[in-house]
Amino acid sequence: MKHPALKRGGLILALAALGATALAGCGPAGDGARPPGKGAVSVDPAGRPELQGFYRQKLSWKRCGELRCATLTVPMDYAHPEDGRTFTLPLAKAVTADPARRIGSLVFNPGGPGESGVDQLRSGGLSSFSERARARFDIVGFDPRGVAGSKPAVDCGSSDPAAEDQPASGAGDTSTGPYPKTDAERHAELTDAERQTAACKARSGAILPHVGTLDAARDLDVLRAALGDEKLTYLGWSYGTYLGTVYGELFPRRVRALVLDGAVDPSLDWSETALQQAKGFRKAVDDYAGQCASVAGDTCPAGTPDGIRKVITDLYARVSKRPLRIKGTDDRLDQAMLNTAVSMSMYSPESQWQPLSEALRAAQQGDGTKLAALANPGIPAQDDSSDGSGSGSGATEDQPPGNSSDALVAVNCLDQPHPRDPQPYWDLLDRANREAGAFGTSGVLAELVCKDWPAGAQKPHRVRAEGLPPALVVGTTGDPATPYEWSKSLAAQLPGGMLLTFRGPGHTAYGRSACVTDAVDSYLLDLKPVPDGKTC
């Protein structure tokens, strides 16, 4: 799966990549849906005269390579859908391989928030789904409101070269690493965050109040209707589990099957989420040290788990004093970029632990190029390796540039209340440093941008979804981005929630584990329950 990284001051902070601190609460009244935590649905949203045009729209599918593509129109403000303001959302689908046995549509969200479901399918994401699922469902991806090809889309200026060239604060970036301790260092971090918020407001202020998960879940119901499905069959990875959970709260009787893989716990506040996720990444790095030999073999940077831990610890200390060179650029690999490279490499051990091991070996020799490439895939691993063919994520004529960093900030900050006073962030920063080191401090600093964000009405809460059929939650014991405890908690909150456990490292499990995939497919296709305590 693709996972975004959040840029702050020219650095990529992986700990925010799947922070998913988006927690739902009360939304605008009067759209007929039940805001999470409120009473029963009294009016069908599709029955509201001002929404009927959206619910009854016909999708015009056209070929786009091996897929079919279309667009969906949704109201920008569900409280005032008649005001003419809309989002146009790109859609893509892979048509079932066995039309005679077609069950319906399987709608998915790859995570983020800020990831494009359309780009996921276009870039080979169909392989994440089993042949059984592809034979019985049309696999449907979409760009959520404000994301990627959505019109309009969130723009905070992070893709603007001029913006990237600006210093982190008006006085220059005085922070020396992921843990600013002095007043001057913290002022620089705060100023940087305020600058980013101001840039988002200046470029996208009109849509920022309307890109939250609560409205995205309402869009999901419009999509369900436009696809011609009486009930929704849905698979969400990571942040996508939160989107699915909110849909289940709003429209519990519209769900056929709900798979939530790598779950977000909606009962946690911003500080609990940041700290628990940071601990998850720290544990994942320890898992890497302990299990490297079985996954990456001879490429491991040392011969024993303790030796690997020492390599990483020593490297953090080294680059904090003297950043490493990156071939082909004047930039240097500092502690923040190292932290990003290590963190981002914890998502998919099968494909990432060997490159990380090779990069750590190179860094021991003073070359930070490979680690920089892991931290930012836009940087080539070698300065002379480009053949000009370009297989990256740049925009093409029919594929807009991604805005995952900006959208991630916009959704997370709107979805969950954050303190306006900076002191709670500094208090948490000190605790995060003690309990999770650089993983903790990086995660907390990423939350600073939310301090002055437009306020949403959402609050952390335990799930209330009376009438929701049994949903399947998949949790991975070594998941760094969405810790296993979150999946256990969500499964317990959902009425009839089922927990499927995958014992192993990495983020999410469907498509990685044959055992998990088989159990999920049986649920999706036949609504077969997963036995209590099922482990793969």
Side-chain angles (χ1 to χ4, degrees), residues 3-6 8 13-25 36-37 111-114 178 193 212-214 236-246 260-284 339 343 346-347 407-420 424-451 453 455-456 458-463 473 475-476 479-493 507-508:
H3 306 289
L6 171 61
R8 296 192 68 252
L13 298 182
L15 293 183
L18 283 151
T21 53
L23 307 177
T213 302
L214 195 60
W237 284 275
S238 197
Y239 161 79
T241 68
Y242 178 62
L243 177 59
T245 298
V246 174
L260 310 173
D261 185 3
V264 173
D265 183 351
S267 70
L268 301 178
D269 68 14
W270 73 276
S271 61
E272 293 169 323
T273 300
L275 186 59
Q276 290 185 25
Q277 188 182 61
K279 291 180 179 178
F281 275 97
R282 188 171 193 171
K283 178 183 179 298
N339 196 62
S343 300
M346 296 300 109
Y347 288 107
L408 183 147
V409 174
V411 176
N412 278 350
C413 291
L414 184 66
D415 272 2
Q416 188 170 31
H418 279 71
R420 300 298 187 188
Y425 299 90
W426 305 140
D427 293 342
L428 182 63
L429 185 73
D430 294 332
R431 181 184 173 192
N433 181 63
R434 293 193 304 270
E435 298 184 14
F439 304 102
T441 54
S442 294
V444 173
L445 292 176
E447 301 290 336
L448 268 177
V449 72
C450 297
K451 182 179 73 70
W453 205 259
Q458 302 92 322
K459 294 181 180 179
H461 69 282
R462 291 185 65 81
V463 174
V473 180
T476 299
D479 196 319
T482 51
Y484 177 64
E485 292 299 321
W486 294 1
S487 291
K488 290 176 61 178
S489 177
L490 180 60
Q493 294 175 48
H507 181 49
T508 72

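FYI, the numbering just counts along the sequence from 1.
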Can you give me the closest heavy-atom contact between Val463 and Pro266, atom names plus distance?
CG2-CG, 3.6 Å
Is the closest side-chain heavy-atom distance between Glu447 and Thr273 below 4.5 Å?
no
Atom pair CH2/NE2 of Trp270 and His418 - distance to nearest 0.5 Å:
6.0 Å
Atom CZ of Arg462 and atom CG of Leu268: how far apart are they, to the nearest 0.5 Å?
10.0 Å
First locate atom CZ of Arg434, then atom CG of Asp430, and finally report the distance between them rounded to the nearest 0.5 Å.
6.5 Å
Side chain Asp261, main chain Thr241, donor-acceptor under 3.5 Å
no
Parallel, tilted or perpendicular: rings of His507 and Tyr347 (30°, 60°)
perpendicular
Which atom of Leu490 lies closest to which atom of Ala263, heavy atoms considered
CD2-CB, 3.6 Å
When you compare the side chain of Arg431 with that of Asp427, does any pair of heavy atoms fall below 4.5 Å?
no
Is there a donor-acceptor contact under 3.5 Å from the side chain of Gln277 to the main chain of Ala274?
no
Taking Arg282 for the side chain and Gly440 for the main chain, is one N or O donor matched with an acceptor at less than 3.5 Å?
no
Are Trp486 and Val473 packed together at the side-chain level, in the sense that at least one heavy-atom pair is separated by less than 4.5 angstrom?
no
Taking the side chain as every heavy atom from C-beta outward, state whether Ser487 and Thr482 have any pair of such atoms under 4.5 Å apart.
no
Give a yes or no on whether the backbone of Pro419 and the side-chain of Tyr425 come within a donor-acceptor separation of less than 3.5 Å.
yes
Hey, are the side chains of Thr441 and Leu429 touching, using non-hydrogen atoms and a 4.5 Å cut-off?
yes
Show the nearest heavy-atom pair for residues Asp269 and Ser271, with the distance to one decimal.
OD1-OG, 2.9 Å
Pick out which of Leu243, Val411, Thr213, Val409 makes a side-chain contact (heavy atoms from CB on, under 4.5 Å) with Pro113.
Val411
Is there side-chain contact between Leu260 and Thr245, with at least one heavy-atom pair below 4.5 Å?
yes
Kindly compute the distance separating CG (Asp479) from CE (Met346), expressed to the nearest 0.5 Å.
12.5 Å
Which atom pair, heavy atoms only, marks the closest approach of Ser267 to Glu272?
O-OE1, 4.3 Å
Nearest heavy-atom contact between Gly112 and Leu408 is O-CD1, 4.2 Å
Any side-chain donor paired with an acceptor under 3.5 Å for Glu485 and Ser489?
no
Please check if the number of heavy atoms outside Lys451 that lie under 6.0 Å from its NZ is greater than 12.
yes
With rounding to the nearest 0.5 angstrom, report the CD to CZ distance, Gln276 to Phe281.
13.5 Å
Considering all heavy atoms of both residues, which atom of Gly212 and which atom of Leu414 are nearest to each other, and what is their separation?
N-CD2, 3.4 Å
